[in-house]
Amino acid sequence: MTSPVLTIDFFHDAVCGWCFVMSPKLRKLAAEFPIRIRHRSFVLQDSPAKLAAAFGSAEKAKSAILGHWERCAEHDEGGRINVEGMRRQRFPYPSGLLSAKACKAAELQAGDAGHWDYFDAVQAAHLTDNRNIADERVLLDVALACALDSNRLRKDMHSPEVARLVSQDRQLASSWWVSAVPTLVVDGGQSQLRHGSLEQMRAELALLLADRVARVPAGNSQQ
């Protein structure tokens with residue numbers, strides 16, 4: 001297989017509908033182009049109190065975010081986003097810190113690929129199945145479905161190491177001026193891959209790769 005030419009850091013939050021729409025596009029691009037995807041957690045509101053404060057109340061937060069879901073659903077090719085199902089749920093809209101820690105715990109077990117698979121499964125539990133992904137039991141159920149060691153994941157997600165990794169991603173986001181999700185940072189902050197249709201992203205990525213290859217001196221190989 002061709003060695004990766006570009007690295008894309010995918011900053012995401014498991015509670016974000018636009019991240020759910022973005023992930024399948026990235027999977028298709030990663031299958032077509034010599035790119036490496038690294039997964040970075042970026043939690044928008046890390047507690048129920050902060051989520052409520054951002055929108056005025058927990059009820060207003062859920063109502064506003066489900067409005068975002070409706071727009072996301074218009075761009076989701078699989079029809080996977082169940083807006084009305086979440087509207088019927090009685091639990092408050094979840095904040096993303098615990099799921100971010102669980103995703104980092106999955107990464108400790110199975111690397112970036114395992115992080116990605118688990119993140120996608122957590123998002124499906126949230127946006128399709130309308131489960132409460134701020135509930136540890138749900139996150140452990142998803143781990144089992146992904147063939148991860150759920151006991152290890154439980155231990156790791158509450159560990160100082162995982163807390164450090166989540167904080168490290170947050171600091172990296174700040175250094176690269178990331179303020180929203182999803183954000184796709186190319187080659188350590190040199191540029192960002194813009195959101196758009198798969199065709200638009202494919203065309204932009206092809207240009208980025210052509211530019212990179214043109215700047216590599218003859219005889220040099222990518223490591």
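These figures come from a predicted structure and were not determined experimentally.
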H12 ring center near W18 ring center (under 6.0 Å):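 Not close enough - the centres of the two rings lie 6.0 Å or further apart.
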Okay, side chain of [X], backbone of [Y]: is any donor-acceptor separation there less than 3.5 Å?
{"X": "D13", "Y": "L44", "result": "yes"}
{"X": "Y93", "Y": "V15", "result": "yes"}
{"X": "D149", "Y": "R152", "result": "yes"}
{"X": "R170", "Y": "S41", "result": "no"}
{"X": "E107", "Y": "A102", "result": "no"}
{"X": "Q200", "Y": "S197", "result": "yes"}
{"X": "S167", "Y": "R164", "result": "no"}
{"X": "S150", "Y": "A143", "result": "no"}
{"X": "D129", "Y": "R131", "result": "no"}
{"X": "D187", "Y": "Q190", "result": "no"}

Hydrophobic clustering (ILVMFWY, side-chain heavy atoms < 4.5 Å, transitive) - are [Y] and [X] grouped together?
{"X": "L198", "Y": "L205", "answer": "yes"}
{"X": "L51", "Y": "M86", "answer": "yes"}
{"X": "L165", "Y": "M157", "answer": "no"}
{"X": "W69", "Y": "V21", "answer": "yes"}
{"X": "L26", "Y": "V5", "answer": "yes"}

State whether a side-chain donor-acceptor pair under 3.5 Å links Y118 with H39.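 Per modelled atom types, Y118 and H39 side chains form no pair under 3.5 Å.
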Do we see a donor-acceptor contact under 3.5 Å between the side chains of E59 and S63?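 The criterion, which ignores hydrogens and geometry beyond distance, is not satisfied for S63 and E59.
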Distance from [X] atom [atom1] to [Y] atom [atom2], nearest 0.5 Å?
{"X": "L29", "Y": "L193", "atom1": "CG", "atom2": "CG", "result": "7.0 Å"}
{"X": "I8", "Y": "I35", "atom1": "CD1", "atom2": "CD1", "result": "4.0 Å"}
{"X": "L139", "Y": "D141", "atom1": "CG", "atom2": "CG", "result": "9.0 Å"}
{"X": "D156", "Y": "L148", "atom1": "CG", "atom2": "CG", "result": "10.5 Å"}
{"X": "N132", "Y": "R90", "atom1": "CG", "atom2": "CZ", "result": "14.5 Å"}
{"X": "E204", "Y": "L209", "atom1": "CD", "atom2": "CG", "result": "11.0 Å"}

Derivation of the salt bridge (Lys or Arg N to Asp or Glu O under 4.0 Å) call for E77 and K28: CA-CA 13 Å; E77 294 182 359; K28 291 177 181 178; 3.6 Å; yes
Contact between [X] and [Y] at the side-chain level, heavy atoms closer than 4.5 Å - yes or no?
{"X": "V186", "Y": "T7", "value": "no"}
{"X": "F119", "Y": "S99", "value": "no"}
{"X": "V43", "Y": "D46", "value": "yes"}

What pairs with F20 under ring-ring contact (aromatic ring centres under 6.0 Å, His included), at least two apart in sequence or on another chain?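 Expected list: none.
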Could you tell me whether R87 and E70 have a side-chain N and a carboxylate O separated by less than 4.0 Å?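 Salt bridge present between R87 and E70.
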Hey, which of K104, R38, R36 is the one that makes salt bridge (charged side-chain N to carboxylate O under 4.0 Å, His left out) with D112?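 In the set K104, R38, R36, the residue that makes a salt bridge (charged side-chain N to carboxylate O under 4.0 Å, His left out) with D112 is R36.
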Going by the rule side chain to side chain donor-acceptor pair (under 3.5 Å), which residues pair with S23 if we only count those two or more places apart in sequence or in a different chain?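 With neighbours one apart ignored, the set is W116, D120.
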Would you mind writing out the side-chain donor-acceptor pairs for residues 173-185 within the sub-3.5 Å range, not counting sequence neighbours?
residue, atom, partner, partner atom, Å
S175, OG, L172, O, 2.7
W176, NE1, G188, O, 3.4
T183, OG1, A180, O, 2.6

Do you know which two heavy atoms are closest between [X] and [Y], and how far apart they sit?
{"X": "D117", "Y": "C146", "result": "O-SG, 4.1 Å"}
{"X": "P94", "Y": "I133", "result": "CG-CG1, 4.1 Å"}
{"X": "M201", "Y": "H195", "result": "CG-C, 4.4 Å"}
{"X": "L127", "Y": "A14", "result": "CD1-O, 4.4 Å"}
{"X": "Q109", "Y": "L153", "result": "NE2-N, 3.6 Å"}
{"X": "I81", "Y": "C72", "result": "CD1-CB, 3.7 Å"}

Could you give me the CA-CA distance, side-chain angles and deciding distance for E136 and R154, then say whether side chain to side chain contact (heavy atoms under 4.5 Å, CB included) is met? CA-CA 8 Å; E136 180 180 292; R154 178 194 293 112; 3.6 Å; yes
For F10, is the NZ or CZ atom of R40 found under 6.0 angstrom from the centre of its six-membered ring and inside 45 degrees of the ring axis?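 No; the conditions do not both hold, so R40 does not lie above the ring face of F10.
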Could K62 and F91 be counted as a cation-pi pair, given that NZ or CZ must be under 6.0 Å from the ring centre and within 45° of the axis?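 Geometry flag: set, cation within 6.0 Å and 45°.
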Assess the residue pair K50 and S95 against the criterion (side chain to side chain contact (heavy atoms under 4.5 Å, CB included)); give the C-alpha distance rounded to whole Å, side-chain angles, the decisive distance to 0.1 Å, and a yes or no. CA-CA 8 Å; K50 289 185 179 179; S95 55; over 6 Å; no
